[in-house]
S.K.: 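Take this structure first; my questions come after.
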Amino acid sequence: MTSQDDTWTAGRRGVLRAGAAALLLGAAGCGSGSRQPVAEPSSTSPSPTASQAPAASPGPTSTASPVRTPLPNPPLWQPGPSEVQPDVKRRAVELVAALGAWPPGGQGTQAARARVAALGLPPALADAAGPLAPAAPEASLEVIDAQYGGILADSASVLVVCRQWTRQPDGSVAEGGVTVDVRLSRADPRWTVTELHPGEPGPPAEPPPAAPAKVLAQPRIELPPGALADLRSGSVHDSVTNAMLGLAGTYVLSVSVVRTGHPLDVFGTTRPSDHPLGRAFDVWRIDGHPVVDPATPRRLIESFMRAAAAAGSYNVGGPIAIPGAGNRFFTDDTHHDHVHVGFTT
């Protein structure tokens, strides 16, 4: 197993330490408040009668401060050694961590710019954080997966799939998440980030669509926050939901991306991608085995790819070259870490 696999099997799989705050500004978690003890009369002393009771004095009183639930603090997500370009993903994750997690009082664009600058990246990238940087006094972040949206010789897209926790005004913790398309270009000594595009799925449809509800109720389909929001928005074709449900009869599938957070065009081309049209989904893990892990049985990935084609997909991409009628299957560096399942309608 790679170091990445160890992370996946330790509690939450494939995760990002709550965030760049831990790297740049110290620990991102917050300490719990404490209740001050209130003195009680001794059980051995007689209670005074009303006439004996001392007069009330305006001395100091004890107040109890509410106990705050600490934000989750997941371990830092790291790419495994079998990645095509490990540092490309590491660089993208570092930026998302800097923008999506901060210690108490670290909110705001100026603080985010400083965290980005500390990575040696353009501070102006913080201005495009959007839903990755909600108005909250504290936040922590988990990366569920980081997969390629495209990888070429001198440019790349990394889709950073996140879960995020934010402190609310009443002290409670809210959970959400977003998938971020991070664009990079080759530079020396490390790749640099040129732009980022956080996904924005839109509000839930009213009434809720029936087909996605079946997917949401299926425990064998694991969905990150961005994909959940896509399904609830009603913007995903039934071909996608039907295929998910069919595949879940045989496999446990961990979905990374459905619609939002994916490049509009197939990376490096002007050909529209099926993802933004709601006609595709990506799977990064099958039956608990990451696609990118060389220890994952190739026969498992191949059988899943063939099952996806049998479910109606005209375009199945993955790390394995599979001969097949109608050229339904393809492989390239971009799909070294996930299986793409696309549909015409």
S.K.: Within the structure provided, determine whether Val291 and Arg285 are in side-chain contact (heavy-atom separation under 4.5 Å).
M.R.: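 No, side chains not in contact.
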
S.K.: Working to the nearest 0.5 angstrom, can you tell me the gap between Asp287 CG and Phe304 CZ?
M.R.: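 The CG atom of Asp287 sits 9.0 Å away from the CZ atom of Phe304.
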
S.K.: Got a second to check how far His336's NE2 is from Ile151's CD1, nearest 0.5 Å?
M.R.: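 The CD1 atom of Ile151 is 11.0 Å from NE2 of His336, to the nearest 0.5 Å.
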
S.K.: Going hydrophobic residue to hydrophobic residue with side-chain gaps under 4.5 angstrom, can you get from Phe267 over to Phe281?
M.R.: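 Cluster IDs for Phe267 and Phe281 differ.
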
S.K.: Are the side chains of Arg259 and Thr179 in touch, meaning some heavy atoms are under 4.5 Å apart?
M.R.: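 Arg259 vs Thr179: side chains apart.
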
S.K.: Does any non-hydrogen side-chain atom of Glu83 lie less than 4.5 Å from one of Arg90?
M.R.: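 They are not in side-chain contact.
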
S.K.: Tell me the closest heavy-atom pair linking Gly202 and Ser233, and the distance in Å.
M.R.: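 What the structure gives for the nearest pair is O-CB, 4.4 Å.
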
S.K.: Check whether any side-chain heavy atom of Val240 sits under 4.5 Å from a side-chain heavy atom of Met244, and report yes or no.
M.R.: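 Yes; the side chains approach each other to less than 4.5 Å.
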
S.K.: Shared ILVMFWY cluster between Val266 and Phe329, side chains joined below 4.5 angstrom?
M.R.: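 In one cluster with Val266: Phe329, no.
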
S.K.: Which one of Gln107, Gln168, Arg167 satisfies the side chain to side chain donor-acceptor pair (under 3.5 Å) criterion with Glu138?
M.R.: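 With Glu138 as partner, side chain to side chain donor-acceptor pair (under 3.5 Å) holds for just one option, Arg167.
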
S.K.: Take the angle between the ring planes of His262 and His275 and call it parallel below 30°, perpendicular above 60°, tilted in between.
M.R.: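 Correct class here is parallel.
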
S.K.: Return the minimal non-hydrogen interatomic distance between Ser82 and Val292, and the atom names on each side.
M.R.: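 Smallest heavy-atom distance, with atoms named: OG-O, 3.0 Å.
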
S.K.: Of all heavy-atom pairs between Pro224 and Ile144, which one has the smallest distance, and what is that distance?
M.R.: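 Heavy atoms of Pro224 and Ile144 come nearest at CB-CD1, 3.7 Å.
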
S.K.: With a 4.5 Å heavy-atom cut-off, do Phe343 and Asn315 have their side chains touching?
M.R.: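 Result no, sub-4.5 Å side-chain heavy-atom pair not found.
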
S.K.: For the CG atom of Leu159 and the CD atom of Gln147, what is their distance to the nearest 0.5 Å?
M.R.: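 Going from the CG atom of Leu159 to the CD atom of Gln147 covers 5.0 Å.
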
S.K.: Check Thr260 against Gly199 and note the closest heavy-atom contact, atom names and distance.
M.R.: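 Closest approach of Thr260 to Gly199, heavy atoms only: CB-CA, 4.1 Å.
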
S.K.: Within the side chain of Trp284, is there an N or O that forms a donor-acceptor pair under 3.5 Å with the backbone of Val339?
M.R.: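 Checked: no pair found.
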
S.K.: Between Ser155 and Leu152 (side chain of the first, backbone of the second, donor and acceptor by atom type, cut-off under 3.5 Å), is there such a pair?
M.R.: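 Checking the backbone N and O of Leu152 against the side chain of Ser155, no donor-acceptor pair under 3.5 Å is found.
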
S.K.: Run the salt bridge (charged side-chain N to carboxylate O under 4.0 Å, His left out) test on Arg298 and Glu302 for me, step by step, so that the C-alpha distance in whole Å, both residues' side-chain angles and the decisive distance to 0.1 Å come before the verdict.
M.R.: CA-CA 6 Å; Arg298 299 295 93 177; Glu302 179 175 348; over 6 Å; no

S.K.: Have a look at Tyr314 and tell me which of Asp274, Thr344, Thr345 forms a side chain to side chain donor-acceptor pair (under 3.5 Å) with it.
M.R.: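 Of the listed options, the one satisfying the test is Asp274.
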
S.K.: Between Arg183 and Leu196, is there a side-chain heavy-atom distance shorter than 4.5 Å?
M.R.: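 Heavy-atom side-chain distance check fails, nothing below 4.5 Å.
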
S.K.: Should Leu264 and Val258 be regarded as members of a common hydrophobic cluster, given that ILVMFWY residues are connected when their side-chain heavy atoms come within less than 4.5 Å of each other, either directly or indirectly?
M.R.: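 Different hydrophobic clusters.
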
S.K.: Output the distance between atom CD (Gln85) and atom CZ (Arg91), rounded to the nearest 0.5 Å.
M.R.: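 Rounded to the nearest 0.5 Å, the CD-CZ separation comes to 14.0 Å.
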
S.K.: Starting at CZ of Arg220, measure out to CG of Leu245 and round the result to the nearest 0.5 Å.
M.R.: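 The CZ atom of Arg220 sits 12.0 Å away from the CG atom of Leu245.
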
S.K.: Do Tyr251 and Ile320 belong to the same hydrophobic cluster, where Ile, Leu, Val, Met, Phe, Trp and Tyr are linked whenever their side-chain heavy atoms lie under 4.5 Å apart, directly or via other members?
M.R.: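 Tyr251 and Ile320: one cluster.
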
S.K.: When you compare the side chain of Thr194 with that of Leu184, does any pair of heavy atoms fall below 4.5 Å?
M.R.: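 Counting from C-beta outward, Leu184 and Thr194 never come under 4.5 Å.
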
S.K.: Between Cys162 and Gln164, does the side chain to side chain contact (heavy atoms under 4.5 Å, CB included) criterion hold? Intermediate values first, please.
M.R.: CA-CA 6 Å; Cys162 302; Gln164 187 181 47; 5.7 Å; no

S.K.: Treating Lys89 as the side-chain partner and Pro79 as the backbone partner, does any N or O pair qualify as donor plus acceptor under 3.5 Å?
M.R.: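 Here the side-chain-to-backbone pair does not exist.
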
S.K.: Looking only at non-hydrogen atoms, find the nearest pair between Arg328 and Ala310 and report the distance.
M.R.: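 Closest approach of Arg328 to Ala310: NH1-N, 4.4 Å.
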
S.K.: Taking the side chain as every heavy atom from C-beta outward, state whether Val178 and Pro131 have any pair of such atoms under 4.5 Å apart.
M.R.: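 Touching, per the 4.5 Å side-chain cut-off.
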
S.K.: His289 and side-chain contact (heavy atoms from CB on, under 4.5 Å): which single residue from Ile301, Val252, Thr296 fits?
M.R.: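 Only one option passes, and that is Thr296.
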
S.K.: Report the C-alpha distance between Asp145 and Ser256 in whole Å, list the side-chain angles of each, state the deciding distance to 0.1 Å, and finish with yes or no for side chain to side chain donor-acceptor pair (under 3.5 Å).
M.R.: CA-CA 7 Å; Asp145 185 45; Ser256 50; 4.7 Å; no

S.K.: Assess whether atom CZ of Arg299 is packed by more than 12 heavy atoms of other residues, nucleotides or ligands within 6.0 Å.
M.R.: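 No - once you tally the heavy atoms of other residues, nucleotides and ligands closer than 6.0 Å, there are 12 at most.
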
S.K.: Would Thr192 and Ser185 satisfy side chain to side chain contact (heavy atoms under 4.5 Å, CB included), going step by step from the backbone distance to the final call?
M.R.: CA-CA 6 Å; Thr192 190; Ser185 63; 3.5 Å; yes

S.K.: Going through the checks in order, is the side chain to side chain contact (heavy atoms under 4.5 Å, CB included) test met by Trp165 and Glu142?
M.R.: CA-CA 9 Å; Trp165 296 269; Glu142 171 188 57; 3.7 Å; yes

S.K.: Check whether any side-chain N or O of Ser254 sits under 3.5 Å from a backbone N or O of Glu222 as a donor-acceptor pair, and report yes or no.
M.R.: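 No: the side chain of Ser254 does not pair with the backbone of Glu222.
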
S.K.: Quick one: do Tyr148 and Asp282 satisfy side chain to side chain donor-acceptor pair (under 3.5 Å)? Show the steps, please.
M.R.: CA-CA 11 Å; Tyr148 291 119; Asp282 291 340; over 6 Å; no

S.K.: Would Ser273 and Asp265 count as a side chain to side chain donor-acceptor pair (under 3.5 Å) if you check the C-alpha gap in whole Å, the side-chain angles of each, and the deciding distance to 0.1 Å?
M.R.: CA-CA 5 Å; Ser273 168; Asp265 294 331; over 6 Å; no

S.K.: For Leu247 versus Ala307, what's the shortest heavy-atom pair and its separation?
M.R.: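 So the two residues come closest at CD2-CB, 3.6 Å.
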
S.K.: If you measure from the Lys or Arg side-chain nitrogens to the Asp or Glu carboxylate oxygens, is any gap between Glu94 and Arg190 under 4.0 Å?
M.R.: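 Salt bridge: yes.
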
S.K.: About how many Å separate CG of Asn73 and OG of Ser140, when rounded to the nearest 0.5 Å?
M.R.: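 It comes to 7.0 Å.
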
S.K.: Taking it one step at a time, do Thr166 and Val173 satisfy side chain to side chain contact (heavy atoms under 4.5 Å, CB included)?
M.R.: CA-CA 6 Å; Thr166 52; Val173 178; over 6 Å; no

